[in-house]
Amino acid sequence: MKERDSESFESLSHQVLPKTSNGESLSHQVLPNTSNGTHMIQMAMANSGSSAAAQAGHQDQPDRSKWLLDCPEPPSPWHEVKSYVKGSFLTKLKRFKSLQKQPLPKRTLSILQAVFPIFGWCRNYKLTMFKNDLMAGLTLASLCIPQSIGYATLAKLDPQYGLYTSVVPPLIYAMMGTSREIAIGPVAVVSLLISSMLQKLIDPEIDPLGYKKLVITTTFFAGIFQASFGLFRLGFLVDFLSHAAIVGFMGGAAIVIGLQQLKGLLGITNFTTNTDIVSVLRAVWRSCQQQWSPHTFILGCSFLSFILITRFIGKKNKKLFWLPATAPLIAVVVSTLMVFLTKADEHGVKTVKHIKGGLNPISIHDLDFNTPHLGQIAKIGLIIAIIALTEAIAVGRSFAGIKGYRLDGNKEMMAIGFSNVIGSFTSCYAATGSFSRTAVNFAAGCETAMSNIVMSVTVFVALECLTRLLYYTPIAILASIILSALPGLIDINEAIHIWKVDKFDFLALIGAFIGVLFASVEIGLLVAVVISFAKIILISVRPGIETLRRMPGTDIFADTNQYPMTVKTPGVLIFRVKSALLCFANASSIEERIMGCVNEEEEEENIKSNAKRKILFVVLDMSNLINVDTSGITALAELHNNLTQAGVELVLVNPKWEVIHKLNQAGFVSKIGGKVYMTIEEAIDACFGLKV
């Protein structure tokens with residue numbers, strides 16, 4: 001064994017040891033030591049400046065290692081929590097003290113601006129800005145009124161509740177929100193969530209009053225959750241739904257919503273309460289065989305085609321942005337006149353009929369906290385809160401990025417949360433930012449959130465004056481308006497992009513899509529979250545191992561799979577763990593894979609070379625690891641023991657602060673002889689120098 005070690009090391013020393021200034025390799029100065037059968041390398045450093053330089057180089061190495069080994073103790077988790085709380089408290093205390101020094105009027109204004117951003121931007125508000133906001137608000141209202149009525153019917157509520165939701169929440173958001181473009185109101189996905197989950201508790205056809213109380217209470221809980229996320233800075237909870245999961249969920253929800261609108265488009269009376277595609281298609285097939293209204297279908301399809309054509313024209317010519325925005329309102333007005341003049345309601349065309357007008361009625365008495373379904377209502381409220389926030393913040397950030405300003409996520413959560421809490425007191429159901437209406441608001445040239453106020457006032461005027469005129473509005477038109485808004489929810493290009501970039505993310509997308517489509521909205525969300533967490537767990541439990549080699553002509557060591565041109569360093573295997581944690585979940589797997597690579601490498605070397613060559617060192621690059629637990633340290637100790645039995649030494653490179661501290665505390669650094677270095681290059685030079 002010793003003879004094999006000496007032979008292999010002698011051959012390796014010719015390849016890896018540095019040369020002196022006259023070009024002679026240090027390995028040429030190997031002298032035999034007959035007493036133990038091994039070779040000793042005697043470095044002749046008596047001659048020249050080269051020997052001094054070599055000496056200096058070797059003296060530098062221990063000093064650099066000491067920087068790692070003698071670093072101060074990192075802060076404990078308790079100290080970090082204490083510092084975070086203390087820092088937050090001191091920051092608020094400093095702000096409070098600075099406010100105390102200000103005069104009372106200025107202090108009051110500063111507090112109001114922090115809570116209500118409207119007091120900040122309204123100070124510099126100009127007439128020209130109001131003209132743009134007025135135009136945008138009126139355009140927004142022309143789209144919002146028909147959409148709100150349609151979304152209310154989708155939520156299984158009376159049409160006026162959609163209009164109520166377009167009055168109070170936009171006003172609250174305009175005062176508290178930080179986005180200039182986002183349009184607040186009812187949206188299709190939230191309406192679907194409400195109807196699909198709450199009708200399992202109370203049937204809206206049998207007990208409409210009880211169902212309305214459930215909706216109001218759910219909206220209250222959703223608002224409380226949203227405001228809490230912003231107040232306690234818990235926005236990371238929204239990130240549990242990945243971007244891919246949201247894309248899949250939105251696509252599946254859009255198809256489900258579209259299929260449910262076939263009831264209105266075909267004039268079907270009896271329809272299923274289930275949302276899965278199989279149940280809906282079965283109900284449509286049975287209804288079409290029995291009774292449906294061809295007049296309703298023709299009317300709905302005609303105006304659906306009109307809305308889609310205007311949208312196509314608006315995309316082709318940006319100056320005609322107002323055309324697709326006003327098309328739904330034009331469709332409502334024209335179809336209502338057609339039904340009134342032709343008396344089509346007497347020939348099977350179903351109409352909206354009575355819509356209760358007037359200002360939002362107070363609904364505090366409708367909040368029902370004594371219901372036996374309170375736990376389920378809270379759960380549904382949490383789901384709606386997360387979905388609504390995800391959509392609103394995504395919409396707000398996308399348009400804020402275009403305009404070049406920063407959106408405050410925590411203030412957005414609080415603004416939307418308080419919009420829904422106060423909305424639940426005024427007969428509103430859950431509101432959030434609508435992508436389609438926000439795009440219209442942006443295209444119409446809005447300057448500030450004043451456009452939301454203009455829209456709210458316009459909808460209020462419509463509630464006061466125009467609800468009687470909507471008596472003859474066909475249900476099919478509301479269905480066609482909802483159908484026209486659905487293509488924007490199905491993002492096929494983004495799905496293709498996710499497929500190309502990350503197959504696992506695409507699996508989460510497909511899981512959410514199929515779950516919503518073939519099971520239910522809750523199942524779709526659950527599948528998406530489970531797949532997303534499974535991805536995280538799988539990456540943690542089975543992290544990859546990178547084998548590193550030297551890039552030609554450099555001191556850089558890179559992954560051999562990514563850079564096939566890398567050059568092998570004889571006698572050394574270098575590994576890097578593709579994980580931030582070395583813990584109980586992955587430690588054994590990492591140890592087994594490293595030992596497997598070492599054994600495989602030695603077998604390959606034995607096959608390729610007649611003389612048996614040996615792996616002398618395994619260098620473990622720990623630059624990716626940010627923490628290690630006791631299981632990870634135990635696995636490293638087992639790896640060290642197994643390598644030692646095979647005559648291989650373990651060397652560590654660039655461990656992070658927490659990692660090196662724990663390894664020191666566990667005595668592992670002394671166990672491996674203090675072989676801890678800053679870089680791979682230093683590790684290789686030092687190890688062969690120590691061997692010499």
Side-chain angles (χ1 to χ4, degrees), residues 5-20 23-30 38-43 45 50 53-69 545-560 562-563 565-577 594-595 597-598 601-602 604-605 613-625 636 639-640 643-644 646-655 660 663 669 672-692:
D5 286 356
S6 63
E7 289 172 3
S8 61
F9 182 72
E10 184 179 7
S11 63
L12 292 175
S13 63
H14 286 274
Q15 300 176 54
V16 290
L17 289 180
K19 295 183 179 181
T20 60
E24 184 182 5
S25 171
L26 292 178
S27 62
H28 292 168
Q29 301 176 43
V30 177
T38 61
H39 289 83
M40 300 266 311
I41 299 180
Q42 187 177 28
M43 294 187 227
M45 297 196 179
S50 67
Q55 242 176 353
H58 282 287
Q59 285 174 356
D60 279 349
Q61 178 57 48
D63 291 339
R64 289 170 65 87
S65 295
K66 283 183 179 180
W67 296 348
L68 272 173
L69 300 175
I545 297 288
E546 293 179 340
T547 301
L548 308 182
R549 292 179 182 174
R550 189 191 299 269
M551 295 288 283
T554 70
D555 291 335
I556 300 170
F557 291 81
D559 182 18
T560 55
Q562 185 177 359
Y563 301 99
M565 74 291 297
T566 50
V567 178
K568 182 179 178 182
T569 303
V572 181
L573 283 180
I574 308 166
F575 300 105
R576 181 165 60 205
V577 181
I594 291 175
M595 283 305 303
C597 290
V598 172
E601 182 70 20
E602 286 210 326
E604 287 182 5
E605 289 292 342
R613 302 177 67 183
K614 180 175 173 56
I615 302 298
L616 298 177
F617 303 104
V618 167
V619 178
L620 187 58
D621 183 358
M622 308 184 82
S623 55
N624 284 346
L625 294 175
L636 286 175
L639 176 64
H640 169 66
L643 290 174
T644 302
V648 182
E649 297 181 25
L650 178 64
V651 182
L652 304 183
V653 170
N654 195 22
I660 190 61
L663 294 179
V669 174
I672 63 173
K675 297 185 184 67
V676 183
Y677 303 97
M678 295 286 289
T679 66
I680 298 173
E681 177 70 20
E682 289 177 5
I684 293 174
D685 290 347
C687 288
F688 279 112
L690 290 172
K691 198 78 175 178
V692 170

Side chain to side chain contact (heavy atoms under 4.5 Å, CB included) between Val577 and Ile545, intermediate numbers included
CA-CA 5 Å; Val577 181; Ile545 297 288; 4.1 Å; yes
Could you check Phe557 against Ile684 for side chain to side chain contact (heavy atoms under 4.5 Å, CB included), going step by step and ending with a plain yes or no?
CA-CA 12 Å; Phe557 291 81; Ile684 293 174; 3.7 Å; yes
Decide side chain to side chain contact (heavy atoms under 4.5 Å, CB included) for Met551 and Tyr563; before the verdict, give the C-alpha distance in whole Å, the side-chain angles of both, and the deciding distance to 0.1 Å.
CA-CA 8 Å; Met551 295 288 283; Tyr563 301 99; 3.9 Å; yes
Take Leu663 and Leu652 through the side chain to side chain contact (heavy atoms under 4.5 Å, CB included) test and state the conclusion after the steps.
CA-CA 11 Å; Leu663 294 179; Leu652 304 183; 3.7 Å; yes
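Residues Arg550 and Ile556 form no side-chain contact, since every pair of their non-hydrogen atoms from C-beta on lies 4.5 Å or further apart. Counting only heavy atoms from C-beta outward, the side chains of Ile680 and Leu548 approach each other to under 4.5 Å. Counting only heavy atoms from C-beta outward, the side chains of His640 and Leu643 never approach each other to under 4.5 Å. Counting heavy atoms from C-beta on, the side chains of Ile594 and Leu620 come closer than 4.5 Å. Using a 4.5 Å cut-off on side-chain heavy atoms (C-beta onward), Leu573 and Val598 make contact. Side chains of Val653 and Ile574 form no contact here, defined as non-hydrogen atoms less than 4.5 Å apart.
Across Cys687 and Val651, no two heavy atoms sit closer than the pair SG-CG2, 3.4 Å. Of all the heavy atoms in Thr547 and Phe575, the pair that sits closest is OG1-CE2, 3.8 Å. Across all non-hydrogen atoms, the minimal contact from Leu636 to Leu650 is O-CD2, 4.3 Å. When all heavy atoms of Thr566 and Ala558 are compared, the closest pair comes out as CG2-O, 4.1 Å.
Remark: Arg549 engages no residue in a salt bridge (charged side-chain N to carboxylate O under 4.0 Å, His left out) (not counting sequence neighbours). Partners of Thr560 under the side chain to side chain donor-acceptor pair (under 3.5 Å) rule, at least two apart in sequence or in another chain, do not exist in this structure. Under the salt bridge (charged side-chain N to carboxylate O under 4.0 Å, His left out) criterion, Asp559 pairs with no residue at all, not counting sequence neighbours. In this structure Asn624 satisfies the side chain to side chain contact (heavy atoms under 4.5 Å, CB included) test together with Arg576, sequence neighbours excluded.
Taken to the nearest 0.5 Å, the CE atom of Met678 stands 11.5 Å off from the OG atom of Ser623. Within the model, atoms CE of Met622 and CD1 of Ile660 stand 8.0 Å from one another, a figure rounded to the nearest 0.5 Å. Remark: Glu649 CD to Lys675 NZ distance equals 4.5 Å, nearest 0.5 Å.
Although no hydrogens or angles enter the test, the distance criterion places no donor-acceptor pair under 3.5 Å between the side chain of Thr569 and the main chain of Val572. Between the side chain of Glu602 and the main chain of Ile615, a donor-acceptor pair closer than 3.5 Å is present.
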